[in-house]
Amino acid sequence: MRIVYKINLALAAAVAASALLNYGALHLTVMPSFLALESQSAERNQSRALEAIELEKDQVANSSGDYAFWDDTYEFMTGGQPDYVEKNVNPESLQTLGINYFALIDATGKVVLDAGYDFSRDEATPAQLFGRPAVASDDVFTEAAKGSDPASGLIQTTLGLATGGYAPVLRSDRSGPAVGTLVFGRLVDLDQLKTATKVNFDIVPVDQGVSGQTSDVAIDLSTRLLDVRGQPIGQLVSHTTRDVSAAGRNAIWAALGLLIVGGVLLIGVLAMIINWIAVRRIEKMRAHLMAVGQTGDLVPMAEDTAGDELSEALASFNVMAAQLSELRDKLRRKDYEHGAAEQAAGLLHNVRNAMSPIATIAWELAQVDTNSGRQNLGKALQQLSQPELEPQRAAKLNQFVALTATQLLEEDDARRQDLTAMADMIRHVEDILKEFDADADASPPSEMLDLRSCVKHAADMVSRRAEVTLELADRGAHVMAPKTTVEQLLANLVVNAAEAIEATGKEGRIKIGVKPCELGGAPAFDVSVSDTGEGIAPDLLETMFQRGFSTRPSQSRGLGLHWCANAANAMGGRLFAESGGIGQGATLHLILPVVQAALEGAA
Amino acid sequence: MRASLERRILVADDDLQLHDAYRRVLGAQAPSEANSDLDALSLELFGDSAANVSPDMPTDIVYCRQGEDAVAAVAQSRHEGRPFAILFLDMRMPPGIDGLETARRVRLIDTDVNIVVVTGYSDHKPAEITAAVGRPERLFYLLKPFDGDELRQLAIALPIRWACDMNSAEQLARLVV
């Protein structure tokens with residue numbers, strides 16, 4: 001997996017974890033406050049509904065007091081005021097008072113007056129609170145005559161639940177004795193109460209089951225209501241919708257949403273910054289290292305000015321690559337030299353081995369010349385020519401001469417054979433030498449070289465002997481050539497230049513240039529090495545590349561230039577010199593084709 | 001004391017032409033019948049012989065082409081009680097072990113044999129060979145192409161010295177006992 005994907009994945013995971021933690025934290029800290037607020041709101045709604053009912057009861061009780069403590073009412077109860085009902089108990093006056101029922105009970109419980117109206121329809125419809133001629137003498141209303149203040153309570157009527165107010169009937173100055181009880185009743189108008197209190201509530205029968213619990217959408221609270229006699233008459237149930245906790249939940253989700261959006265933006269920005277700081281550069285390094293791995297060309301990476309660890313790593317790589325490159329070149333040269341030395345040793349061994357039998361035959365032939373038999377033959381011939389020789393000795397001498405001649409003839413035959421064998425052996429030595437010559441001609445393998453780096457390398461060799469300036473082509477100057485040969489050739493040229501300067505006894509300059517050119521119509525590069533040295537006489541410009549030429553016998557220049565010219569030719573290139581003459585300095589040009597003709601043909 | 005020790009020579013070289021060269025220098029050609037007649041006549045008429053054979057030249061020469069064969073030959077010679085006086089040894093004998101390794105193994109079997117390293121080019125320096133083989137007083141070098149007289153002189157002188165050493169050692173051993 002690519003490093004950029006890994007980093008982005010890690011960032012996304014961090015944002016997701018942060019969102020989850022935040023959600024948990026908000027849920028644990030914020031939600032309880034919202035729930036408490038909601039619960040308080042439900043309690044408040046319930047008490048406001050109850051207060052509204054209480055207020056109704058108080059209003060009705062006060063109204064009942066106004067009429068109970070009135071001389072007209074007192075007189076009516078004691079038999080006076082014949083037009084009391086006509087004047088006071090009519091739909092208009094009841095509606096003005098805001099009550100539905102107007103009843104009077106005497107001290108014994110007899111219902112003296114039981115009137116009322118239902119105003120819920122277009123026309124006021126008569127209605128009764130008690131609907132019977134008397135109530136019990138110990139009824140709460142009968143008993144109320146014994147008190148002195150108005151009282152209130154809830155009453156169940158045929159038209160529904162009503163708030164009731166009742167008071168003993170006294171004179172206007174509240175003197176007695178009480179002559180009965182006045183009862184007012186007002187039907188509970190839930191719609192009006194709800195509007196007034198802005199609380200949604202209901203009054204339901206006692207036996208009706210109330211959830212009384214919290215659901216997802218609302219909180220229901222209920223309170224049991226008692227009537228004037230202390231009996232359960234119904235339940236007040238308030239509904240409070242759970243807007244607060246819903247708002248809390250929404251707030252949490254909104255916060256979470258913002259966090260995630262912020263996180264995504266943060267990831268984007270971070271990813272861009274990380275990409276800019278590291279990933280982009282790591283990718284560049286990776287591409288470079290892969291290119292190095294594939295081509296084996298240990299080129300340094302572009303300098304980095306960021307001054308961080310990556311820059312250090314890059315610098316370390318460049319140092320390492322330079323060291324490795326140098327070591328590789330050294331190894332290659334050593335390898336080449338070792339191979340050459342090994343070849344020379346093999347040649348020496350083979351030649352000396354082949355020479356041994358030749359030397360032995362030569363030695364044997366020399367032995368024959370010193371053979372005493374040959375010397376004695378001379379003596380025998382000399383004695384035979386003497387006239388006074390004894391016939392017996394003469395016969396023996398003749399026998400000796402014959403035997404020796406035979407032996408010499410045999411030896412001569414053997415010698416001829418030896419000489420034939422020797423000729424074969426000499427041919428064998430020649431074959432060995434030919435074989436070596438063929439091996440030596442096999443040039444080292446070519447590779448892609450940047451002449452600019454080769455030239456820099458060569459320039460380093462003479463940087464202490466003269467002032468060296470480089471004029472290199474802007475782009476890579478690549479040629480296919482054996483590296484060791486090119487390096488040795490360039491080394492020869494710069495060392496020659498340095499020696500030419502030193503020969504003048506003055507300080508001088510060497511300028512090395514690499515520029516594209518053409519050689520026989522094919523693309524090539526011209527490596528020029530100019531010096532301010534002793535210069536070359538015009539008649540020597542051609543001959544200076546011949547074997548053994550040198551203006552300085554003690555130096556190796558003669559052999560070097562001859563080798564250089566041969567090496568340049570072997571690579572399909574050219575080596576030539578330019579000079580204005582003695583004292584004018586010199587320029588040597590090495591022209592190397594981009595691709596050697598032989599290679600081009602093969603490809 | 002033994003009347004005389006048999007002086008034997010072992011040659012190890014992978015080149016058969018070199019074997020021929022050794023034979024030319026060391027090989028004592030037995031005089032033919034005609035030659036023996038001539039010798040007798042020459043002796044009678046002029047008081048010297050035409051034969052050119054040294055009486056001190058060892059006659060038993062064994063040739064092998066590989067280092068391993070040379071080691072085996074030395075081992076066998078010790079086993080038979082007929083040790084070699086000289087081993088003429090080439091340094092490069094592909095495909096088998098080289099001269100240095102051959103000399104090292106031979107020295108382990110036979111501490112007395114004179115080893116003459118005969119080579120055109122050695123991969124090993126003399127000091128290196130001496131360190132690996134030991135007994136420097138019995139280690140010699142002869143450069144190829146060798147001179148016949150030089151080889152001949154070594155082939156004569158070293159076995160005589162070797163025989164003397166063997167006899168002295170034997171006498172010394174007897175005195176100690």
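The chains referred to below are lettered A, B, ... by the order of the sequence lines, with proteins before strands, and numbering in each begins at 1.
Neither the backbone nor the side chain of A/A354 comes within contact range of chain B; no heavy atom of the residue lies under 4.5 Å from a heavy atom of that chain. Contact of B/D90 with chain A is made through the side chain alone, with heavy-atom distances under 4.5 Å. In this structure, chain A has no heavy atom under 4.5 Å from any part of B/D20. In this structure, the portions of A/Q399 lying under 4.5 Å from any heavy atom of chain B include both its backbone and its side chain. Neither the backbone nor the side chain of B/L151 comes within less than 4.5 Å of any heavy atom in chain A.
Taking a 6.0 Å sphere around CD of B/Q76, one finds it holds 12 or fewer heavy atoms contributed by other residues, nucleotides or ligands. A 6.0 Å sphere centred on CD of A/Q382 holds no more than 12 heavy atoms belonging to other residues, nucleotides or ligands. The number of heavy atoms from other shown groups lying within 6.0 Å of CD (B/E80) is above 12. The number of heavy atoms from other shown groups lying within 6.0 Å of CZ (A/R328) is above 12. Around the CD atom of A/Q386, the shell of radius 6.0 Å holds more than 12 heavy atoms that belong to other residues, nucleotides or ligands.
Rounded to the nearest 0.5 Å, atoms NZ (A/K396) and CG (B/L45) are 7.0 Å apart. We find the CZ-CD distance between A/R393 and B/E44 to be 8.0 Å, quoted to the nearest 0.5 Å.
When all heavy atoms of B/A21 and A/T360 are compared, the pair lying nearest together is O-CG2, 3.1 Å. A/S356 and B/L18 get closest at one heavy-atom pair: CB-CD1, 3.5 Å.
Counting heavy-atom pairs closer than 4.5 Å to chain B, the top residue among A/L397, A/T406, A/V351 is A/L397.
Within the 4.5 Å cutoff, no side-chain heavy atoms of B/P145 are placed close to those of A/I358. A heavy-atom distance below 4.5 Å is found between the side chains of A/N376 and B/S42.
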_Go through it in stages, so that I can follow the logic: the residues are B/R24 and A/W363, the test is side chain to side chain contact (heavy atoms under 4.5 Å, CB included), and I'd like the CA-CA distance, side-chain angles, deciding distance and then a yes or no._
CA-CA 9 Å; B/R24 279 177 194 277; A/W363 172 81; 5.6 Å; no

*Going through the checks in order, is the side chain to side chain contact (heavy atoms under 4.5 Å, CB included) test met by A/M355 and B/K144?*
CA-CA 7 Å; A/M355 291 288 288; B/K144 281 180 189 171; over 6 Å; no

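Side-chain N or O atoms of A/R352 include none that pairs as donor or acceptor with a backbone N or O of B/F146 at under 3.5 Å.
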